[in-house]
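This report concerns only the one structure given below.
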There are 2 protein chains.
Amino acid sequence: MAKKNKNPRKEAKEELKEFGSEILENIENNEPPRMVVPSRSTSNIIYDEEDRFYTLGDKKTTRTAANMRQVKKFAQTTCAADFCKDLINSEKTATLREMYYTSEGWPVGGFSSQDRSDRIVEDLESAFGLKREDLGLLPEEDGASIFGDLVVEESGMEVKATEAGRAGYTIPPTMSDVDFVDCGAERVLAVETMGMYHRLVQEEAWEDYNTLVVALKGQPARATRRFLKRANNELDLPVYLFTDGDPFGFHIAMVVISGSAKLAYINHELAVPDANFVGVTASDIEDYELPTDKLRESDIRRLKQLLDDPRYSSDFWQEEINKMLKIGKKAEQQAFSKYGLEYVVEEYLPEKLGLN
Amino acid sequence: MAKKNKNPRKEAKEELKEFGSEILENIENNEPPRMVVPSRSTSNIIYDEEDRFYTLGDKKTTRTAANMRQVKKFAQTTCAADFCKDLINSEKTATLREMYYTSEGWPVGGFSSQDRSDRIVEDLESAFGLKREDLGLLPEEDGASIFGDLVVEESGMEVKATEAGRAGYTIPPTMSDVDFVDCGAERVLAVETMGMYHRLVQEEAWEDYNTLVVALKGQPARATRRFLKRANNELDLPVYLFTDGDPFGFHIAMVVISGSAKLAYINHELAVPDANFVGVTASDIEDYELPTDKLRESDIRRLKQLLDDPRYSSDFWQEEINKMLKIGKKAEQQAFSKYGLEYVVEEYLPEKLGLN
């Protein structure tokens, strides 16, 4: 197979180069340098019914160095672009935090808070259709753990996901640098907690189901979502999401499926609209007589919001959310251990995955 | 080298067996079954000046099945011991959460909250001098990432910490199952953040310093502390701790060095009294003119508490804490990137590690 990843860092460099050339051209023509950035304000974030994820609308704003209020930010943007170019040239990466501190040494001066330097990075991402990972910028987050029949290559190192220890292969923050070399698995099963991950590895579910087991570790990092997207697209694997049966679990799954509003400018690289939810539902709570917790006030409020959210408009979600509100209870994915540690692997999941 | 770990799970099983035999003996002699548990109340937690970590004093409490108020708890303790015996026999592990849910199926009835089932586990640990990991019980926490010249074996799988991907080898929650097979590194450098971890891996500091690089990921998991302890004891490696220069960073380092009061009953297996603090100090903030944040009210309160804490009684800590209070500023480990991404690797750390 050897699914070679395109070279997104090289593409990113080209984009940055063009940005620089345009500025130079502007200056030579005695025009103020400027850049056009898609608006990321709420009014420009749209749920695309066809693509089935959040995306940006057509509104754009123009930044110009001719505007006194924008000139410092514009200069900082060019410094950030220059910083990223150096990262790409030296084949390095930096955390967003490191860039923030590095900016203290820029001729134009640093940022008053990391929020501001992060926003500049979002500008570069959305203006040029880049991912910050391709610019060499990383968050602090930890990537997912993966176990199963997969071989990847990163920085010239071939890694088998079954031979990196029982805690699995940890995906790096830069998924762009990862090439899929070989994959014998037929599906991806992503689970919310490390506890469930260890259960599936231990019970050898990865082998029995012929699946890659992925630990999302709560709300998944961007690199994790990018991994799921690429596994779905490049490896043609169906993706299944097994979360807790509560509003946060639903949210975790839905962000994988449809993307978050906040990252609307990049969801086409992250969202996995065909991913299947196999997490705990209100019906499961009843059918399996699971140990439960009472819904809190905040859970109820959140569930009611979900009812109006376009991402949850299907009959399935409407029915399950209403049922959860009616029974007033939620349950965690580990609750199946009421019936023994193996139950979730031997009964619940094969049923949900249609493996029976 | 092949430092073979003793078989702590087998030892744990022996302890549980004896616990069961004693109960049977009690019953045959028409005596109420009982168990003696060291007190974990604050008054029995002592800082041991000689061992240089927190430990339990001599106070003990006796649980007896003859006491109506204790009988259910006693019965639950035996069920938990039975559950752990099954885990050991089947060579499995379970999360504390899974045990909590499993208890719903026990004849004596389950726990009203996970707090209570966790406390039963602490009873078993402190009464029999066991670690819950050896009983097969795991927390949800993620273990540290490790990169460097180390080969380990776990569940018959040999893993090289330089060949598990750039994100490193992730230690499993059960450090007991890990054997050290080979190690060419001369030291361990444990850092607070994944950001700094990636910096050290990327700049090939692990090679230049001949060190294992360990990401603590904030407050380290027990498995991480157990790893550092074993690297120090079994591999004879000096351990260095590089944290942020703030009260939380100091606390992270000190918990590795002297253990936490909460885990006094198990610190002899976790504390690394000879570990060296190489984190950011108030003096570093001045000497390196680092970017800083103002101390918050809560930071100031916390620093004042540390001044009275026996673990911080050395001249070094007293001077640095007082100086930090005086300048009113704190700094993160990534702040060195003010001088470029490589500075921390090329200047600060070699100086602190005495590698110049």
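Labels below follow one simple rule: chain letters A, B, ... track the order of the sequence lines, proteins then strands, and each chain is numbered from 1. All values below were derived from every heavy atom in this structure, side-chain atoms included, with hydrogens, water molecules and symmetry-related copies excluded.
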- Distance in Å, B:Y101 OH paired with A:Q334 CD, rounded so as to fall on 0.5 Å steps: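 With rounding to 0.5 Å, OH (B:Y101) is 7.5 Å from CD (A:Q334).
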- Point-to-point distance, once rounded to the nearest 0.5 Å, from OG1 of A:T102 to OH of B:Y339: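 Between A:T102 OG1 and B:Y339 OH, I get 12.0 Å after rounding to 0.5 Å.
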[X], [atom1]: over 12 other non-hydrogen atoms inside 6.0 angstrom:
{"X": "A:K329", "atom1": "NZ", "value": "no"}
{"X": "B:K338", "atom1": "NZ", "value": "yes"}
{"X": "B:Q114", "atom1": "CD", "value": "yes"}
{"X": "A:E286", "atom1": "CD", "value": "yes"}
{"X": "A:K131", "atom1": "NZ", "value": "yes"}

- Task: Tell me, for B:T170 versus chain A, whether the close heavy atoms (under 4.5 Å) come from the side chain, the backbone, both or neither.
- Result: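 Both parts, backbone and side chain.
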- Item | B:E342 portion near chain A, given a 4.5 angstrom heavy-atom threshold | side chain
For chain B, which of [options] has the most heavy-atom pairs under 4.5 Å?
{"options": "A:A215, A:A164, A:A161", "value": "A:A164"}
{"options": "A:G195, A:P172, A:G105", "value": "A:G195"}
{"options": "A:P291, A:A335, A:A167", "value": "A:A335"}
{"options": "A:Q202, A:E158, A:M194", "value": "A:Q202"}
{"options": "A:E104, A:E91, A:M157", "value": "A:M157"}

So for [X], is it side chain, backbone, both, or neither that comes closer than 4.5 Å to the heavy atoms of chain B?
{"X": "A:F83", "answer": "side chain"}
{"X": "A:I171", "answer": "backbone"}
{"X": "A:K160", "answer": "neither"}

- Message: Does anything in residues 92-100 of chain A reach chain B? List residues with heavy atoms under 4.5 Å apart, or say none.
- Response: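 At a heavy-atom separation under 4.5 Å, chain B is reached by A:K92, A:T93, A:A94, A:T95, A:R97, A:E98.
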- Tightest non-hydrogen contact, residues A:G165 and B:E154, listed as CA-OE2, 3.5 Å
- Look at B:P173, B:G110, B:G340, B:G168 and state which one has the largest set of heavy-atom pairs under 4.5 Å with chain A.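 Heavy-atom pairs under 4.5 Å are most numerous for B:P173.
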- Winner by heavy-atom pair count (cut-off under 4.5 Å) against chain A, out of B:H198, B:E163, B:E332: B:E332
